[in-house]
Amino acid sequence: MTKTGFVLANLFHKKTRTSLTLLSVVMAFVLFGLLQSLNLVFSAGADFVGATRLVTQSRVSFTQSLPMRMVPEMDAIPGVQRVMYQQWFGAVYQDNPQIFAFAVDPERLHEVYPEWVMPEEQWNAFRDIRTGMIAGKLLADQYGWKVGDRIPMKSSIFPQKNNSKDWEFELVGIFDGKDEEWRRQTAGNIYINHAYFSEAALFGGGLAGIFVLRLEDPEMAESIATLVDARYLNSSDETKTQTEKDFQVGFIKQLGDIGMIVRWILFAVFFTLLLVVGNTMAQSVRERVPQFAVLKTLGFSDNSVLAFVLAETLALCAIGGLVGLGLATALGAVVAQAAGPMLPIAVDGRVWMAGIAAIVVLSLVVGLLPALRARRLKIVDALAGR
């Protein structure tokens, strides 16, 4: 029998216990893979590579609006094809606050987001009808909306000039996405005409929450972002310009310090795993004390016995860890496809490197004490049952 075969035979000498422990390790590393990929999303720095659009917001927070006079100034920046502005409306429909409603300029929306697909006559209606509204196809299907419907809507933020938070819009168009990824995003989006909003709202007219800059050349993204922020530095309207992906991650971060929450969950998972695997290895060594004594009697050195126990622990953690990371990679792809750009997670090489490092550390931590006990074992005491 080879040394590898000997290690595996010892590892599975209690098949039920080993199988259950392996299952625990697999599940722990599935969680590790998904959570670590999520942690990387929230801890990553700005990434301008391949960006076709930039988002400019107030340096303080996207909840602080910026003046509309910035629109022509940004339009004039070399490399900027078109600037769109939008204001968060805070829509509530039938007690559902999960609708993403924005007041926008219809023509600028059409130019900056060609990914939204809608008949041209509906784009024209959205431009010409001041009380017009367009809705994502999945959202319209959910509520049974049809073009021409009058949609009553509340705003949790902006009352009208008569102090009523009740608004009504005419549904003039239903937009779809250009592909499956963009179609999924039509489940919660509506747009209203910014000109009407600015005229009818009690406050907030002449302001926008964010500006979206469509670029002529993605290679210019970082330099344009730097130029925009430098232009308004030390003014009363300092800005922060980033890619759409980074803005969306920042939007989610408003819910709390997601990175810290993820790290604490990872700590809890691995502390529990440490106890489970450590207990398994301790029991295994206790049960095989006579076997280790026989190995030493046959001429195996103390260090060889120590190496066998560490190899068993490494095999247990490696098998479970690699299977878990493989499952996490597959699940991560499914989650990323479902979430789209709002949550761009990926169980990539960085996650795998961290996972392999965790396997090695876990193996040493849980295997070292049982291995040292086996190494210090005296043949006479072991065979005598002491």
Side-chain angles (χ1 to χ4, degrees), residues 46 51-75 77 80 82-93 97-113 115-116 126 130 132-136 139 153-161 165 167 169 175 185 188-215 224-225 228-229 231-233 235-256 341-342:
T52 58
R53 283 184 290 260
L54 297 175
V55 177
T56 297
Q57 65 172 68
S58 167
R59 193 172 191 84
V60 177
S61 169
F62 67 83
T63 58
Q64 181 168 322
S65 297
L66 295 169
M68 295 291 291
R69 60 172 172 77
M70 299 169 69
V71 175
E73 296 172 356
M74 292 183 183
D75 265 331
I77 294 175
V80 175
R82 192 65 158 157
V83 177
M84 185 201 81
Y85 50 87
Q86 62 184 44
Q87 180 69 283
W88 175 264
F89 182 67
V92 178
Y93 178 72
Q98 302 304 316
I99 296 176
F100 292 170
F102 300 95
V104 300
D105 179 279
E107 291 185 325
R108 290 178 181 269
L109 173 68
H110 192 14
E111 292 177 40
V112 173
Y113 280 95
E115 292 87 355
W116 296 139
F126 185 35
R130 294 175 68 79
M133 177 186 90
I134 61 173
L139 182 66
M153 197 81 62
K154 290 181 180 291
S155 173
S156 60
I157 304 172
F158 298 103
Q160 297 188 64
K161 288 181 178 176
K165 288 192 174 182
W167 295 70
F169 303 99
F175 62 89
Q185 296 181 57
N189 281 23
I190 65 172
Y191 295 101
I192 63 174
N193 196 312
H194 190 280
Y196 170 65
F197 161 79
S198 186
E199 175 187 281
L202 181 64
F203 59 88
L207 298 173
I210 64 170
F211 301 105
V212 183
L213 289 65
R214 186 177 180 186
L215 308 180
I224 291 175
V228 170
D229 292 341
R231 183 185 187 111
Y232 299 103
L233 189 64
S235 73
S236 58
D237 299 304
E238 290 192 79
T239 61
K240 177 182 178 182
T241 303
Q242 56 198 324
T243 64
E244 284 182 298
K245 183 185 77 172
D246 292 329
F247 173 77
Q248 288 160 352
V249 169
F251 184 86
I252 296 173
K253 280 184 178 180
Q254 298 298 313
L255 301 175
M342 281 296 290

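Quantities reported herein were computed from a predicted structural model and do not represent experimental measurements. The first residue of the sequence shown is numbered 1, and numbering continues consecutively from there.
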Tyr232: partners by ring pair (Phe, Tyr, Trp, His ring centres under 6.0 Å), with sequence neighbours left out: none
Contacts of type ring pair (Phe, Tyr, Trp, His ring centres under 6.0 Å), residue Tyr85, not counting sequence neighbours: His194
Sequence neighbours excluded - salt bridge (charged side-chain N to carboxylate O under 4.0 Å, His left out) pairs with any residue from residues 83-92: none
Which residues share a side-chain contact (heavy atoms from CB on, under 4.5 Å) with Ser65, sequence neighbours left out: Gln87, Leu207
Pairing residues for Asp229 by the salt bridge (charged side-chain N to carboxylate O under 4.0 Å, His left out) criterion, not counting sequence neighbours: none
Pairing residues for Asp75 by the side-chain contact (heavy atoms from CB on, under 4.5 Å) criterion, not counting sequence neighbours: Val71, Arg82, Val83, Arg108
Any residue meeting side-chain hydrogen bond (donor to acceptor under 3.5 Å, both in side chains) with Glu199, in chain and number order, not counting sequence neighbours: Arg130
Chi angles and distances behind the ring-ring contact (aromatic ring centres under 6.0 Å, His included) call for Phe175, Tyr191: CA-CA 10 Å; Phe175 62 89; Tyr191 295 101; 5.7 Å; yes
Gln64: side-chain contact (heavy atoms from CB on, under 4.5 Å) partners, not counting sequence neighbours: Ser58, Val60
Ring-face cation contact, Tyr113 with Arg53, 6.0 Å cut, 45° max: yes
Any side-chain heavy-atom pair of Leu139 and Phe100 under 4.5 Å: no
Sequence neighbours excluded, every pair satisfying salt bridge (charged side-chain N to carboxylate O under 4.0 Å, His left out) that has a member inside residues 54-64: none
Contacts of Lys240 that satisfy side-chain hydrogen bond (donor to acceptor under 3.5 Å, both in side chains) - sequence neighbours left out: none
side-chain hydrogen bond (donor to acceptor under 3.5 Å, both in side chains) involving Gln86 - partner list, sequence neighbours excluded: none
